[in-house]
Amino acid sequence: MLHRFLPIVTLAVSVLGASQFDVLEFSNYGFQGFYRLVLKIENVDDESCTCTLSSKPTKFSGINSPLDQGVSVHFRGPLTLSQFAFYTSSGFVHGDDSSGDWTRQAYYDGPLSTADNVTFLTNAGTNSTCLGKGLTYAGLDGISKAENPTVLAENTLINSNEEFLIMLNVSCESSGFKKDCGVYREGIPAYHGFYGAVKMFLFEFKMPRETVITNNKTDYFDLPAIWILNDHIPRTSQYPTNANCSCWGTGCGEFDVFEALNYTEKDHLYSTIHDYQGSGDIQLGISVPGYIARNTNGIMKGGVAFDSKGTAVVWVSNSTSFDATISASNINKWVSNEGDSGQKPLLTVTQTAANIGTGVISSSFSWLWMAILLFV
Ligand SMILES: *[C@@H]1O[C@H](CO)[C@@H](O)[C@H](O)[C@H]1NC(C)=O
Ligand SMILES: *[C@@H]1O[C@H](CO)[C@@H](O)[C@H](O)[C@H]1NC(C)=O
Ligand SMILES: *[C@@H]1O[C@H](CO)[C@@H](O)[C@H](O)[C@H]1NC(C)=O
Ligand SMILES: *[C@@H]1O[C@H](CO)[C@@H](O)[C@H](O)[C@H]1NC(C)=O
Ligand SMILES: *[C@@H]1O[C@H](CO)[C@@H](O)[C@H](O)[C@H]1NC(C)=O
Ligand SMILES: *[C@@H]1O[C@H](CO)[C@@H](O)[C@H](O)[C@H]1NC(C)=O
Ligand SMILES: *[C@@H]1O[C@H](CO)[C@@H](O)[C@H](O)[C@H]1NC(C)=O
(Lines give C-alpha, C1' and ligand atoms only; values in the text may rest on other atoms or scores of the structure.)
(Ligands and ions follow the chains in the order given, each with its own letter.)
Protein backbone atom coordinates (compact mmCIF):
# COMPACT_ATOMS: atom_id res chain seq x y z
CA MET A 1 0.00 0.00 0.00
CA LEU A 2 2.71 2.49 0.90
CA HIS A 3 4.89 3.68 -1.88
CA ARG A 4 2.94 1.93 -4.57
CA PHE A 5 3.85 3.59 -7.82
CA LEU A 6 0.76 5.49 -8.87
CA PRO A 7 0.24 7.35 -12.15
CA ILE A 8 -1.47 10.16 -10.25
CA VAL A 9 1.75 11.06 -8.43
CA THR A 10 3.61 11.33 -11.72
CA LEU A 11 0.98 13.58 -13.18
CA ALA A 12 1.14 16.13 -10.39
CA VAL A 13 4.92 16.32 -10.42
CA SER A 14 5.20 16.82 -14.17
CA VAL A 15 2.58 19.58 -14.07
CA LEU A 16 4.69 21.39 -11.49
CA GLY A 17 7.83 21.15 -13.64
CA ALA A 18 10.30 20.24 -10.92
CA SER A 19 13.92 21.37 -10.83
CA GLN A 20 16.99 20.35 -8.85
CA PHE A 21 17.94 21.62 -5.37
CA ASP A 22 20.16 20.59 -2.46
CA VAL A 23 17.52 21.66 0.06
CA LEU A 24 13.78 20.91 0.09
CA GLU A 25 11.57 22.62 2.60
CA PHE A 26 8.03 22.29 3.93
CA SER A 27 6.74 25.04 6.19
CA ASN A 28 3.68 25.05 8.45
CA TYR A 29 3.94 21.27 8.91
CA GLY A 30 1.47 19.99 11.50
CA PHE A 31 -2.23 20.53 11.99
CA GLN A 32 -5.15 19.68 14.21
CA GLY A 33 -6.61 16.36 13.20
CA PHE A 34 -7.04 12.74 14.08
CA TYR A 35 -6.48 9.26 12.81
CA ARG A 36 -7.67 5.79 13.78
CA LEU A 37 -5.47 3.18 15.36
CA VAL A 38 -5.93 -0.54 14.86
CA LEU A 39 -8.09 -1.87 17.68
CA LYS A 40 -8.16 -5.60 16.85
CA ILE A 41 -6.20 -8.04 14.72
CA GLU A 42 -7.85 -11.46 14.36
CA ASN A 43 -6.99 -14.85 12.85
CA VAL A 44 -3.56 -13.69 11.66
CA ASP A 45 -2.59 -17.08 10.30
CA ASP A 46 -5.63 -18.07 8.28
CA GLU A 47 -7.79 -16.87 5.40
CA SER A 48 -10.28 -15.19 7.73
CA CYS A 49 -7.58 -12.81 8.98
CA THR A 50 -9.13 -9.42 9.63
CA CYS A 51 -8.57 -6.14 11.44
CA THR A 52 -10.75 -3.46 12.99
CA LEU A 53 -9.87 0.21 13.32
CA SER A 54 -10.91 1.96 16.50
CA SER A 55 -14.07 4.04 16.34
CA LYS A 56 -12.42 6.32 18.89
CA PRO A 57 -10.29 8.85 16.98
CA THR A 58 -6.70 9.50 18.09
CA LYS A 59 -6.41 13.27 18.11
CA PHE A 60 -3.28 15.24 17.37
CA SER A 61 -2.27 18.86 16.97
CA GLY A 62 0.75 21.12 16.94
CA ILE A 63 4.00 21.43 15.01
CA ASN A 64 5.11 18.47 12.93
CA SER A 65 2.01 16.46 13.83
CA PRO A 66 1.08 13.70 13.33
CA LEU A 67 4.79 12.75 13.14
CA ASP A 68 5.55 14.58 16.39
CA GLN A 69 5.00 11.12 17.92
CA GLY A 70 7.19 8.02 17.64
CA VAL A 71 8.39 7.26 14.12
CA SER A 72 10.24 4.44 12.38
CA VAL A 73 12.84 5.11 9.67
CA HIS A 74 12.77 2.98 6.51
CA PHE A 75 15.27 2.16 3.77
CA ARG A 76 14.70 0.63 0.34
CA GLY A 77 17.42 -0.49 -2.07
CA PRO A 78 19.51 -0.19 -4.04
CA LEU A 79 21.08 1.33 -0.94
CA THR A 80 24.00 1.05 1.45
CA LEU A 81 23.71 2.80 4.80
CA SER A 82 27.01 3.77 6.40
CA GLN A 83 25.86 6.14 9.15
CA PHE A 84 22.54 6.97 10.77
CA ALA A 85 21.90 9.29 13.71
CA PHE A 86 18.86 10.58 15.57
CA TYR A 87 18.88 13.91 17.46
CA THR A 88 16.52 15.93 19.59
CA SER A 89 16.60 19.64 20.38
CA SER A 90 14.76 21.86 22.80
CA GLY A 91 14.18 24.69 20.35
CA PHE A 92 15.97 24.50 17.01
CA VAL A 93 14.63 26.97 14.42
CA HIS A 94 15.67 26.51 10.82
CA GLY A 95 17.80 29.48 9.77
CA ASP A 96 18.28 30.86 13.33
CA ASP A 97 21.87 30.35 14.51
CA SER A 98 21.05 31.33 18.09
CA SER A 99 18.32 28.70 18.47
CA GLY A 100 18.68 25.32 20.20
CA ASP A 101 21.48 22.86 19.56
CA TRP A 102 20.95 19.21 18.74
CA THR A 103 21.84 16.27 20.98
CA ARG A 104 22.44 12.83 19.51
CA GLN A 105 20.26 10.13 21.04
CA ALA A 106 20.92 7.19 18.74
CA TYR A 107 23.71 6.32 16.33
CA TYR A 108 24.72 3.61 13.86
CA ASP A 109 28.30 3.71 12.65
CA GLY A 110 28.80 1.26 9.77
CA PRO A 111 32.61 1.30 9.61
CA LEU A 112 32.82 0.61 13.37
CA SER A 113 29.82 -1.78 13.23
CA THR A 114 28.42 -0.17 16.35
CA ALA A 115 24.83 0.69 17.06
CA ASP A 116 23.73 2.62 20.11
CA ASN A 117 20.05 2.89 20.93
CA VAL A 118 18.94 1.56 17.55
CA THR A 119 17.28 -1.71 16.51
CA PHE A 120 17.33 -3.02 12.93
CA LEU A 121 14.10 -4.71 11.83
CA THR A 122 12.75 -6.11 8.57
CA ASN A 123 9.61 -7.77 7.23
CA ALA A 124 10.97 -11.32 7.09
CA GLY A 125 8.40 -13.12 9.24
CA THR A 126 5.47 -15.36 8.45
CA ASN A 127 3.16 -14.17 5.69
CA SER A 128 -0.46 -13.53 6.59
CA THR A 129 -3.36 -13.00 4.19
CA CYS A 130 -4.32 -9.66 5.73
CA LEU A 131 -1.06 -8.41 7.29
CA GLY A 132 1.61 -9.54 4.85
CA LYS A 133 4.98 -10.57 6.23
CA GLY A 134 5.67 -10.15 9.92
CA LEU A 135 8.27 -7.87 11.42
CA THR A 136 11.45 -9.59 12.68
CA TYR A 137 14.92 -8.58 13.75
CA ALA A 138 17.07 -8.02 10.66
CA GLY A 139 20.22 -10.06 10.19
CA LEU A 140 23.67 -8.77 9.19
CA ASP A 141 22.42 -8.36 5.60
CA GLY A 142 19.47 -6.16 6.65
CA ILE A 143 16.83 -8.35 5.03
CA SER A 144 16.96 -11.86 6.50
CA LYS A 145 15.36 -12.83 9.79
CA ALA A 146 17.53 -12.84 12.92
CA GLU A 147 16.58 -14.29 16.31
CA ASN A 148 18.18 -11.43 18.26
CA PRO A 149 18.99 -7.75 17.72
CA THR A 150 21.83 -7.62 15.18
CA VAL A 151 23.92 -4.71 13.99
CA LEU A 152 23.79 -4.22 10.21
CA ALA A 153 27.15 -5.23 8.70
CA GLU A 154 29.35 -2.56 7.18
CA ASN A 155 28.81 -1.92 3.46
CA THR A 156 25.64 -3.98 3.30
CA LEU A 157 23.94 -3.38 -0.03
CA ILE A 158 20.21 -4.00 -0.17
CA ASN A 159 18.80 -4.36 -3.68
CA SER A 160 15.69 -3.08 -5.43
CA ASN A 161 12.50 -3.76 -3.49
CA GLU A 162 14.42 -4.91 -0.38
CA GLU A 163 13.88 -2.99 2.84
CA PHE A 164 14.87 -2.66 6.46
CA LEU A 165 13.82 -0.22 9.12
CA ILE A 166 15.21 1.26 12.31
CA MET A 167 13.54 1.93 15.65
CA LEU A 168 14.87 2.96 19.04
CA ASN A 169 16.15 0.14 21.29
CA VAL A 170 13.30 0.67 23.75
CA SER A 171 10.92 -2.29 23.97
CA CYS A 172 7.13 -1.97 24.01
CA GLU A 173 4.89 -3.25 26.75
CA SER A 174 2.46 -5.97 25.72
CA SER A 175 0.05 -5.25 22.85
CA GLY A 176 -3.11 -3.39 23.90
CA PHE A 177 -5.09 -0.37 22.77
CA LYS A 178 -4.29 1.51 25.98
CA LYS A 179 -0.68 0.35 26.24
CA ASP A 180 2.37 2.44 25.31
CA CYS A 181 2.61 1.07 21.76
CA GLY A 182 -1.06 0.32 21.11
CA VAL A 183 -2.21 -2.90 19.48
CA TYR A 184 0.47 -4.69 17.47
CA ARG A 185 0.91 -7.99 15.67
CA GLU A 186 1.59 -10.78 18.15
CA GLY A 187 5.01 -12.36 18.00
CA ILE A 188 6.93 -9.40 16.57
CA PRO A 189 9.89 -7.72 18.27
CA ALA A 190 7.93 -4.60 19.25
CA TYR A 191 9.96 -1.41 19.76
CA HIS A 192 9.32 2.28 20.21
CA GLY A 193 10.14 4.65 17.39
CA PHE A 194 12.04 7.94 17.59
CA TYR A 195 10.22 10.42 19.78
CA GLY A 196 9.85 14.17 20.04
CA ALA A 197 8.19 16.88 17.96
CA VAL A 198 11.55 18.55 17.30
CA LYS A 199 13.83 15.90 15.88
CA MET A 200 16.45 15.31 13.25
CA PHE A 201 17.82 12.32 11.35
CA LEU A 202 21.19 12.28 9.60
CA PHE A 203 22.16 9.75 6.94
CA GLU A 204 25.32 8.76 5.12
CA PHE A 205 24.40 6.40 2.31
CA LYS A 206 24.85 5.26 -1.27
CA MET A 207 22.11 4.73 -3.81
CA PRO A 208 24.05 2.99 -6.59
CA ARG A 209 22.56 1.90 -9.90
CA GLU A 210 20.91 -1.53 -9.53
CA THR A 211 23.18 -4.27 -10.85
CA VAL A 212 22.26 -7.30 -8.76
CA ILE A 213 18.62 -7.68 -9.67
CA THR A 214 18.25 -7.72 -13.44
CA ASN A 215 14.51 -8.21 -13.78
CA ASN A 216 13.28 -4.69 -14.39
CA LYS A 217 9.69 -5.81 -13.70
CA THR A 218 10.62 -6.09 -10.02
CA ASP A 219 8.55 -3.66 -7.96
CA TYR A 220 10.56 -0.49 -7.34
CA PHE A 221 13.28 -1.57 -9.76
CA ASP A 222 16.20 0.81 -9.14
CA LEU A 223 13.98 3.11 -7.06
CA PRO A 224 15.70 3.61 -3.70
CA ALA A 225 14.12 5.51 -0.81
CA ILE A 226 14.51 6.67 2.78
CA TRP A 227 11.26 7.50 4.56
CA ILE A 228 9.60 7.93 7.94
CA LEU A 229 6.38 6.38 9.22
CA ASN A 230 4.25 6.65 12.32
CA ASP A 231 5.76 3.75 14.27
CA HIS A 232 2.34 2.10 14.75
CA ILE A 233 2.36 1.21 11.04
CA PRO A 234 5.21 -1.32 10.94
CA ARG A 235 4.09 -2.80 14.26
CA THR A 236 0.68 -3.77 12.86
CA SER A 237 1.36 -4.10 9.13
CA GLN A 238 3.38 -2.09 6.66
CA TYR A 239 1.89 -3.70 3.54
CA PRO A 240 -1.57 -4.96 4.50
CA THR A 241 -4.07 -6.30 2.00
CA ASN A 242 -6.80 -4.97 4.30
CA ALA A 243 -6.49 -1.22 4.90
CA ASN A 244 -8.01 -1.64 8.38
CA CYS A 245 -4.81 -3.36 9.49
CA SER A 246 -2.91 -0.06 9.53
CA CYS A 247 -3.56 3.49 10.71
CA TRP A 248 -1.88 4.76 7.50
CA GLY A 249 -5.05 5.23 5.45
CA THR A 250 -6.60 7.38 8.15
CA GLY A 251 -3.61 9.69 8.15
CA CYS A 252 -1.34 8.68 11.04
CA GLY A 253 1.57 9.91 8.99
CA GLU A 254 4.33 9.33 6.47
CA PHE A 255 7.18 11.62 5.47
CA ASP A 256 9.28 10.61 2.47
CA VAL A 257 12.74 12.09 2.83
CA PHE A 258 14.60 10.91 -0.28
CA GLU A 259 12.44 8.89 -2.65
CA ALA A 260 12.90 7.94 -6.31
CA LEU A 261 9.31 7.89 -7.58
CA ASN A 262 9.46 6.35 -11.03
CA TYR A 263 11.88 4.74 -13.44
CA THR A 264 12.00 7.68 -15.86
CA GLU A 265 13.12 9.88 -12.99
CA LYS A 266 15.05 7.23 -11.08
CA ASP A 267 17.83 9.69 -10.22
CA HIS A 268 15.49 12.34 -8.79
CA LEU A 269 14.79 12.11 -5.06
CA TYR A 270 11.51 13.69 -4.01
CA SER A 271 10.17 14.55 -0.57
CA THR A 272 6.47 13.94 0.10
CA ILE A 273 4.10 14.15 3.06
CA HIS A 274 1.25 11.64 3.11
CA ASP A 275 -1.46 12.81 5.49
CA TYR A 276 -4.55 15.01 5.28
CA GLN A 277 -2.96 18.42 5.65
CA GLY A 278 -4.25 20.19 2.58
CA SER A 279 -4.71 17.00 0.62
CA GLY A 280 -7.85 14.89 0.55
CA ASP A 281 -5.85 12.27 -1.31
CA ILE A 282 -3.39 10.56 0.96
CA GLN A 283 -1.89 8.43 -1.83
CA LEU A 284 -0.95 11.58 -3.73
CA GLY A 285 0.17 13.47 -0.64
CA ILE A 286 2.01 16.76 -1.01
CA SER A 287 5.48 17.03 -2.53
CA VAL A 288 7.94 19.86 -2.69
CA PRO A 289 8.02 20.92 -6.37
CA GLY A 290 11.69 20.08 -6.74
CA TYR A 291 14.07 17.20 -6.20
CA ILE A 292 17.51 16.31 -4.90
CA ALA A 293 19.87 14.58 -7.32
CA ARG A 294 20.69 10.94 -6.60
CA ASN A 295 24.44 10.36 -6.83
CA THR A 296 24.83 6.82 -8.17
CA ASN A 297 28.65 6.89 -8.00
CA GLY A 298 29.50 8.31 -4.61
CA ILE A 299 28.52 8.75 -1.01
CA MET A 300 25.60 10.99 -0.16
CA LYS A 301 25.26 12.76 3.19
CA GLY A 302 22.24 14.65 4.37
CA GLY A 303 19.26 14.60 6.63
CA VAL A 304 15.89 15.91 7.67
CA ALA A 305 15.23 18.31 10.54
CA PHE A 306 11.78 19.00 11.98
CA ASP A 307 12.14 22.33 13.77
CA SER A 308 10.20 23.98 16.59
CA LYS A 309 8.20 26.17 14.18
CA GLY A 310 6.88 23.38 11.95
CA THR A 311 9.48 23.68 9.21
CA ALA A 312 10.70 20.36 7.89
CA VAL A 313 13.87 20.72 5.91
CA VAL A 314 15.53 17.98 3.86
CA TRP A 315 19.06 18.45 2.54
CA VAL A 316 22.15 16.88 1.07
CA SER A 317 25.55 18.30 1.96
CA ASN A 318 28.94 16.66 2.16
CA SER A 319 29.64 18.84 5.22
CA THR A 320 27.07 16.90 7.28
CA SER A 321 28.77 15.37 10.34
CA PHE A 322 27.45 13.02 12.99
CA ASP A 323 28.83 14.56 16.19
CA ALA A 324 27.30 13.97 19.62
CA THR A 325 26.22 17.64 19.76
CA ILE A 326 25.57 19.85 16.76
CA SER A 327 25.06 23.59 17.04
CA ALA A 328 22.20 25.33 15.27
CA SER A 329 24.72 27.39 13.31
CA ASN A 330 26.42 24.27 11.93
CA ILE A 331 23.17 22.83 10.69
CA ASN A 332 22.30 26.16 9.16
CA LYS A 333 25.66 26.17 7.36
CA TRP A 334 25.01 22.75 5.84
CA VAL A 335 21.55 23.83 4.85
CA SER A 336 22.65 27.15 3.50
CA ASN A 337 20.71 27.27 0.25
CA GLU A 338 18.02 29.52 1.65
CA GLY A 339 16.33 31.28 -1.23
CA ASP A 340 17.51 28.54 -3.54
CA SER A 341 15.60 25.66 -2.07
CA GLY A 342 12.50 23.87 -3.23
CA GLN A 343 9.77 25.17 -0.93
CA LYS A 344 6.25 24.08 -0.11
CA PRO A 345 4.21 26.00 2.47
CA LEU A 346 1.46 23.71 3.74
CA LEU A 347 -2.08 24.88 4.24
CA THR A 348 -3.39 25.45 7.71
CA VAL A 349 -6.26 23.02 8.09
CA THR A 350 -8.37 21.49 10.78
CA GLN A 351 -9.75 18.09 10.21
CA THR A 352 -13.34 18.51 11.33
CA ALA A 353 -16.18 16.09 11.78
CA ALA A 354 -17.33 17.04 8.26
CA ASN A 355 -14.35 15.35 6.67
CA ILE A 356 -14.20 12.55 9.18
CA GLY A 357 -14.90 10.05 6.42
CA THR A 358 -11.87 11.02 4.36
CA GLY A 359 -9.58 8.44 5.85
CA VAL A 360 -11.97 5.63 5.19
CA ILE A 361 -12.67 6.73 1.62
CA SER A 362 -9.00 7.12 0.89
CA SER A 363 -8.02 3.84 2.46
CA SER A 364 -10.56 2.09 0.27
CA PHE A 365 -8.90 3.86 -2.67
CA SER A 366 -5.57 2.43 -1.67
CA TRP A 367 -7.20 -0.97 -1.39
CA LEU A 368 -8.58 -0.47 -4.89
CA TRP A 369 -5.19 0.58 -6.26
CA MET A 370 -3.63 -2.42 -4.65
CA ALA A 371 -6.16 -4.70 -6.35
CA ILE A 372 -5.43 -3.05 -9.70
CA LEU A 373 -1.69 -3.39 -9.20
CA LEU A 374 -2.00 -7.05 -8.35
CA PHE A 375 -3.64 -7.62 -11.73
CA VAL A 376 -1.09 -5.65 -13.74
C1 LIG B 1 8.00 9.82 -14.11
O2 LIG B 1 7.81 11.13 -13.62
C3 LIG B 1 8.06 12.13 -14.59
C4 LIG B 1 7.90 13.45 -13.91
O5 LIG B 1 6.86 13.43 -13.01
C6 LIG B 1 7.12 11.96 -15.77
O7 LIG B 1 7.42 12.97 -16.73
C8 LIG B 1 7.26 10.60 -16.38
O9 LIG B 1 6.29 10.39 -17.37
C10 LIG B 1 7.10 9.53 -15.29
N11 LIG B 1 7.41 8.23 -15.88
C12 LIG B 1 6.54 7.22 -15.93
C13 LIG B 1 7.06 5.94 -16.52
O14 LIG B 1 5.42 7.33 -15.51
C1 LIG C 1 21.66 6.40 23.94
O2 LIG C 1 20.62 6.95 24.73
C3 LIG C 1 21.06 7.40 25.99
C4 LIG C 1 19.83 7.81 26.78
O5 LIG C 1 19.03 8.70 26.04
C6 LIG C 1 22.05 8.57 25.78
O7 LIG C 1 22.53 9.00 27.03
C8 LIG C 1 23.22 8.08 24.92
O9 LIG C 1 24.07 9.16 24.65
C10 LIG C 1 22.69 7.51 23.62
N11 LIG C 1 23.80 6.98 22.82
C12 LIG C 1 24.20 7.56 21.66
C13 LIG C 1 25.33 6.91 20.96
O14 LIG C 1 23.70 8.54 21.18
C1 LIG D 1 19.42 0.73 24.80
O2 LIG D 1 20.70 1.30 24.72
C3 LIG D 1 21.13 1.85 25.96
C4 LIG D 1 22.44 2.60 25.70
O5 LIG D 1 23.28 1.87 24.85
C6 LIG D 1 21.27 0.75 26.95
O7 LIG D 1 21.65 1.30 28.19
C8 LIG D 1 19.94 0.05 27.09
O9 LIG D 1 20.09 -1.07 27.94
C10 LIG D 1 19.42 -0.42 25.77
N11 LIG D 1 18.05 -0.87 25.94
C12 LIG D 1 17.58 -2.00 25.37
C13 LIG D 1 16.13 -2.31 25.63
O14 LIG D 1 18.26 -2.73 24.69
C1 LIG E 1 1.55 -13.13 1.26
O2 LIG E 1 0.19 -13.44 1.20
C3 LIG E 1 -0.55 -12.64 0.29
C4 LIG E 1 -2.01 -12.92 0.46
O5 LIG E 1 -2.26 -14.28 0.60
C6 LIG E 1 -0.07 -12.91 -1.13
O7 LIG E 1 -0.77 -12.11 -2.04
C8 LIG E 1 1.41 -12.55 -1.19
O9 LIG E 1 1.92 -12.87 -2.46
C10 LIG E 1 2.19 -13.30 -0.13
N11 LIG E 1 3.51 -12.74 -0.09
C12 LIG E 1 4.61 -13.49 -0.12
C13 LIG E 1 5.91 -12.75 -0.10
O14 LIG E 1 4.59 -14.70 -0.14
C1 LIG F 1 13.33 -3.70 -19.25
O2 LIG F 1 14.08 -4.63 -19.97
C3 LIG F 1 13.61 -4.83 -21.30
C4 LIG F 1 14.42 -5.96 -21.93
O5 LIG F 1 15.77 -5.83 -21.65
C6 LIG F 1 13.73 -3.53 -22.09
O7 LIG F 1 13.23 -3.69 -23.41
C8 LIG F 1 12.91 -2.45 -21.37
O9 LIG F 1 13.07 -1.21 -22.00
C10 LIG F 1 13.35 -2.35 -19.92
N11 LIG F 1 12.46 -1.43 -19.24
C12 LIG F 1 12.93 -0.45 -18.49
C13 LIG F 1 11.90 0.35 -17.79
O14 LIG F 1 14.11 -0.24 -18.41
C1 LIG G 1 -12.76 -1.53 7.27
O2 LIG G 1 -13.59 -1.03 8.26
C3 LIG G 1 -14.73 -0.33 7.76
C4 LIG G 1 -15.43 0.33 8.94
O5 LIG G 1 -15.72 -0.62 9.92
C6 LIG G 1 -15.60 -1.30 7.01
O7 LIG G 1 -16.71 -0.63 6.49
C8 LIG G 1 -14.79 -1.90 5.88
O9 LIG G 1 -15.53 -2.88 5.21
C10 LIG G 1 -13.52 -2.52 6.40
N11 LIG G 1 -12.67 -2.92 5.29
C12 LIG G 1 -12.24 -4.15 5.12
C13 LIG G 1 -11.39 -4.40 3.91
O14 LIG G 1 -12.46 -5.05 5.92
C1 LIG H 1 30.09 14.59 -2.13
O2 LIG H 1 31.00 13.53 -1.95
C3 LIG H 1 30.83 12.45 -2.88
C4 LIG H 1 31.72 11.31 -2.49
O5 LIG H 1 33.00 11.75 -2.14
C6 LIG H 1 31.10 12.99 -4.29
O7 LIG H 1 30.91 11.96 -5.23
C8 LIG H 1 30.14 14.14 -4.56
O9 LIG H 1 30.42 14.71 -5.82
C10 LIG H 1 30.23 15.20 -3.50
N11 LIG H 1 29.15 16.14 -3.71
C12 LIG H 1 29.36 17.45 -3.79
C13 LIG H 1 28.15 18.30 -4.01
O14 LIG H 1 30.47 17.96 -3.66
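Indexing begins at 1, ligand by ligand and atom by atom, following the structure's order. No hydrogens, no waters, no symmetry mates; every other heavy atom, side chains included, goes into these values.
With hydrogens left out, the protein atom closest to atom 3 (C) of ligand 7 is Ile299 O, 3.5 Å, a heavy atom. Closest protein heavy atom to atom 14 (O) of ligand 7: Asn318 ND2, 3.4 Å.
Ring orientation note: the planes of Phe194 and Phe201 are nearly perpendicular, at an angle over 60° on the 30°/60° scale.
Here the shortest heavy-atom distance to atom 13 (C) of ligand 2, taken over Val170, Asn117, Asp116, belongs to Asp116. Of the options Leu131, Asn127, Thr126, Thr241, the smallest heavy-atom separation from atom 2 (O) of ligand 4 is shown by Asn127.
Contacts of Ala106 with ligand 2, taken as heavy-atom pairs under 4.0 Å, involve the backbone alone. Contacts with ligand 7 closer than 4.0 Å are made by side-chain heavy atoms of Asn295 only, the backbone lying farther away.
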task: Output, in order, the C-alpha distance, side-chain angles, deciding distance and verdict of ring-ring contact (aromatic ring centres under 6.0 Å, His included) for Phe322 and Phe84.
output: CA-CA 8 Å; Phe322 294 71; Phe84 164 83; 8.9 Å; no
message: Checking Asn230 against Tyr35 for the side-chain contact (heavy atoms from CB on, under 4.5 Å) test, could you report, in this order, the C-alpha distance in whole Å, the side-chain angles of both residues, the deciding distance, and whether it holds?
response: CA-CA 11 Å; Asn230 182 310; Tyr35 54 81; 3.6 Å; yes
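For the 3.5 Å distance criterion, the side chains of Tyr191 and Tyr137 qualify, holding a donor opposite an acceptor.
For atom 5 (O) of ligand 7, no protein non-hydrogen atom is found at a distance below 4.0 Å.
Taking each heavy atom of Asn127 and Arg185 in turn, the nearest pair found is C-NH2, 4.4 Å.
Interface of Lys133 with ligand 4, defined as ligand atoms under 4.0 Å from a residue heavy atom, comprises 13 (C).
The ring pair (Phe, Tyr, Trp, His ring centres under 6.0 Å) with Phe258 is formed by just one residue from the set Tyr270, Phe205, Phe75; it is Phe205.
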